[in-house]
Amino acid sequence: MLQLQALRTNKDQIIQALKKRNFDAEIHMDKVLSLDEKRRSLQTDLDNTLAEGNKLSKEIGMLYKSGKTEEANQIKQKTAQLKEESKRLTEKLNTIAADLEEALYQIPNVPHESVPAGSDEEDNEEVFREGNIPELGEEAKPHWELAKKYDIIDFELGAKITGAGFPVYKGKGARLQRALISYFLDKNTEAGYIEMQVPLLVNETSGYGTGQLPDKEGQMYHVTEEDLYLIPTAEVPITNVLRGNILDKNSLPISYTGYTPCFRREAGSYGAHVRGLNRLHQFDKVEIVRVEHPDNSYQALDAMVEHVKNILRELKLPFRVLRLCGGDLGFTSALTYDFEVFSTAQDRWLEISSVSNFETFQANRLKLRYRDENNKTQLVHTLNGSSLALPRVLAGILENYQTADGIDIPDILVPYTGFSRIE
RNA sequence: AGAGAGGUGGCCGAGUGGUCGAAGGCGCACGCCUGGAAAGUGUGUAUACACCAAAAGUGUAUCGAGGGUUCGAAUCCCUUCCUCUCUGCCA
């Protein structure tokens, strides 16, 4: 959620910047600002009415104490009128405040100046590429065939137990999953991230805090009995750990990492691009989250990008980094770098990580602040990234490391798996 | 899941209808004292919103959350969430 104050003072600038997203902010902005104006004048009216009432109440108290019951009763009649008035104003104010909040929720984050203009993924800007794309020859198989051949992932079995998109990992496949999770967590904690184990279900407030609600409501599994949501990413519980806090500026930055399964309904997805591990309802991911002083957040974003690069280097997977264009940029993000691994057998790039700076957009909803030099509260910047999403890394390893009669395990993972080859 | 007790400021803790944003203590900040420190001592110490060009200041709201009773609620009533104790169940 954008800050009202910013909208009031930089209206034109923000409208201009949002054009990069192909988002016409003008109408929204006018609505927000006019609602805000109404809200403020109502607030003033209400405050004055309540103040008057408070004053009279005190008088009544005094009069009763000194036994002047009659005078007190006279004043009482005045307060009845004020009470009605304040009730009316409160109702009005609540309605306007709710409308205002809803209108604010409709406006996406302002893109960073480096975000390229563009309408879809075609316009994303490649900023980095590394690694050799192996020559696999004609025999190369996509990972879903490899998974079947070596009996390490069973999609049908998952469908039997639960439904499509809930695979079962078996034997060395399961072991490889576990190895990847441990390896990622080790890399992250070495880099100073504090490991967290968090709930996999969150309440509504947390969903709003990180911005999944209201705009991605349909993407989350909802446990209606308890009104809880299955997390679509560890970002939600981990970032909400700090919700509502006022941090000492010396406690910044705060860096967390956590492994969780992620649950996504993925309503509306279909076709070849969702085969195998490419798109699942349940998948594993290790996430990194940072809370930063606004002055340092872009430095932190670069550090996160470097960190993920290093992991992919160690895994010896061919990858590239994209700076997302305005049209492809997530609703809450100011700047996002996507990481993609090249899947040789599928002959396409697979997104495996997304690293974003949300600036104050999430912090504003989360009410997550720090105290500055002048003891004033300021919103922090929040960032997060995947390091990494398991299924596509797994797909990348299976496909790129395949040989005619087996799959090699990247050297860096062997201490974690305890084996160096799947046959 | 059932019965009972409770949720007050950064922390502890008083407060059962009136001037209470809330005693007292701890912590923290600044000052005094000291050669320096400790002890002592003085002052200050919540958040949001509105008014004001801004600071100062003023007003309003907030004692888990939401609603109600009342001229007036931290205090009474209802709903809900959470914590603790006992019973039950259970990995």
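A quick note: this is a predicted structure, and the numbers were derived from the prediction, not measured. So you know, we letter chains A, B, ... as the sequences are listed, proteins then strands, and number each from 1.
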Student: Spell out, as yes or no, whether a donor-acceptor pair under 3.5 Å connects the side chain of His112(A) to the backbone of Ser114(A).
Tutor: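 Yes, the answer is positive, given that a donor and an acceptor are paired below the 3.5 Å cut-off.
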Student: Let me know the distance between CG of Asp227(A) and P of C82(B), rounded to the nearest Å.
Tutor: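 After rounding, the reported distance stands at 12 Å.
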Student: With the sugar-phosphate defined as primed atoms, P, OP1 and OP2, and the base as all remaining atoms, what B/S/- string results for nucleotides 68-79 of chain B, 5' to 3', for protein heavy atoms under 4.0 Å?
Tutor: --BBS-------
Student: Summarise how protein sits on nucleotides 45-50 of chain B as a single string, 5' to 3': B when a protein heavy atom is under 4.0 Å from the base, S for sugar-phosphate-only contact, - for no contact.
Tutor: -SSSSS
Student: Mind checking whether His281(A) and Phe263(A) have ring centres under 6.0 Å apart?
Tutor: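 They do not qualify: ring centres at least 6.0 Å apart.
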Student: Taking the P atom of each, how far is G59(B) from U45(B), in whole Å?
Tutor: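 The same atom, P, in both gives a distance of 16 Å.
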Student: Is it true that, when you exclude Glu125(A) itself, more than 12 heavy atoms of the residues, nucleotides or ligands shown sit nearer than 6.0 Å to its CD?
Tutor: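 Yes, the 6.0 Å shell around CD holds more than 12 heavy atoms from other groups.
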Student: Is there a donor in the side chain of His222(A) and an acceptor in the side chain of Asp227(A), or the other way round, less than 3.5 Å apart?
Tutor: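 There is such a pair between these side chains.
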Student: How far does the C1' atom of C26(B) sit from the matching atom of C81(B), given to the nearest Å?
Tutor: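 Going atom to atom, C1' in each nucleotide, I get 30 Å.
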Student: Check the distance between C52(B)'s C1' and Asn48(A)'s CG and give it to me in whole angstrom.
Tutor: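 The answer, rounded to whole Å, is 14 Å.
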Student: Is any side-chain N of the basic residue among Lys309(A) and Glu306(A) closer than 4.0 Å to the acidic one's carboxylate O?
Tutor: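 Judged by the 4.0 Å cut-off on N to carboxylate O distance, Lys309(A) and Glu306(A) do form a salt bridge.
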Student: P atom, C84(B) versus C71(B): distance in rounded Å?
Tutor: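 My reading of the P atoms in C84(B) and C71(B) gives 41 Å.
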Student: Among Arg392(A), Gln346(A), Glu351(A), which residue meets the side-chain hydrogen bond (donor to acceptor under 3.5 Å, both in side chains) test with Asn278(A)?
Tutor: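 Going through the options one by one, the only one that passes is Gln346(A).
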Student: Considering Watson-Crick and G-U wobble pairs with both distances under 3.5 Å, what does A53(B) pair with?
Tutor: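 Pairing partner, where one exists within any strand: none, as none qualifies.
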Student: Which nucleotide, in any strand shown, forms a Watson-Crick or G-U wobble pair with G40(B), with both distances under 3.5 Å?
Tutor: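 In the structure as shown, G40(B) has C32(B) as its Watson-Crick or wobble partner.
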Student: So Lys65(A), base contact, sugar-phosphate only, or nothing? Heavy-atom distance under 4.0 Å.
Tutor: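 Answer is base: heavy atoms of Lys65(A) come under 4.0 Å of a base.
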Student: Determine the Euclidean distance between corresponding C1' atoms of A23(B) and U75(B); express it in Å to zero decimal places.
Tutor: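 About 16 Å, rounded to a whole number of Å.
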Student: Could you measure between the two P atoms, the one in G27(B) and the one in A91(B), and give it in whole Å?
Tutor: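 Their P atoms lie roughly 48 Å apart.
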Student: Should the heavy atoms of other residues, nucleotides or ligands under 6.0 Å from CG of Asp411(A) be counted, would the total exceed 12?
Tutor: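 Not more than 12 within 6.0 Å, no.
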Student: Which nucleotide, if any, forms a Watson-Crick or G-U wobble pair with U80(B), using both distances under 3.5 Å?
Tutor: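 U80(B) is paired, partner G64(B).
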Student: When you check the side-chain N and O atoms of Gln3(A) and Asn364(A), is any donor under 3.5 Å from an acceptor?
Tutor: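 No pair is found: no donor N or O on one side chain lies under 3.5 Å from an acceptor on the other.
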Student: Whole angstroms only, please: what is the CD-C1' distance between Glu85(A) and U60(B)?
Tutor: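 After rounding, the reported distance stands at 15 Å.
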Student: For the P atoms, the ones on A14(B) and on G4(B), what distance do you get once it is rounded to whole angstrom?
Tutor: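 Taking atom P in both A14(B) and G4(B), they lie 24 Å apart.
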Student: What integer number of Å spans the C1' atoms of G67(B) and G21(B)?
Tutor: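 Their C1' atoms lie roughly 23 Å apart.
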Student: In chain order, what residues pass the side chain to side chain contact (heavy atoms under 4.5 Å, CB included) check against Arg175(A), with sequence neighbours excluded?
Tutor: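 Arg178(A), Phe419(A).
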Student: Between Thr49(A) and Asp45(A), is there a donor-acceptor pair closer than 3.5 Å when you use the side chain of the first and the backbone of the second?
Tutor: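 A pair under 3.5 Å: yes.
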Student: Which one is paired to G10(B), where only Watson-Crick or G-U wobble pairs with both distances under 3.5 angstrom count?
Tutor: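 Paired with G10(B), as far as the under-3.5 Å criterion goes, is C26(B).
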Student: Partner of A73(B) by Watson-Crick or G-U wobble geometry, both contacts under 3.5 Å, or none?
Tutor: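 Across any shown strand, A73(B) pairs with none.
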Student: Looking at G88(B), which nucleotide sits across from it as a Watson-Crick or G-U wobble partner, both distances under 3.5 angstrom, or is there none?
Tutor: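 Across any shown strand, G88(B) pairs with none.
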Student: Would you measure the distance from the P atom in G64(B) across to the matching atom in A56(B) and give it in whole Å?
Tutor: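 Those two atoms are separated by 30 Å.
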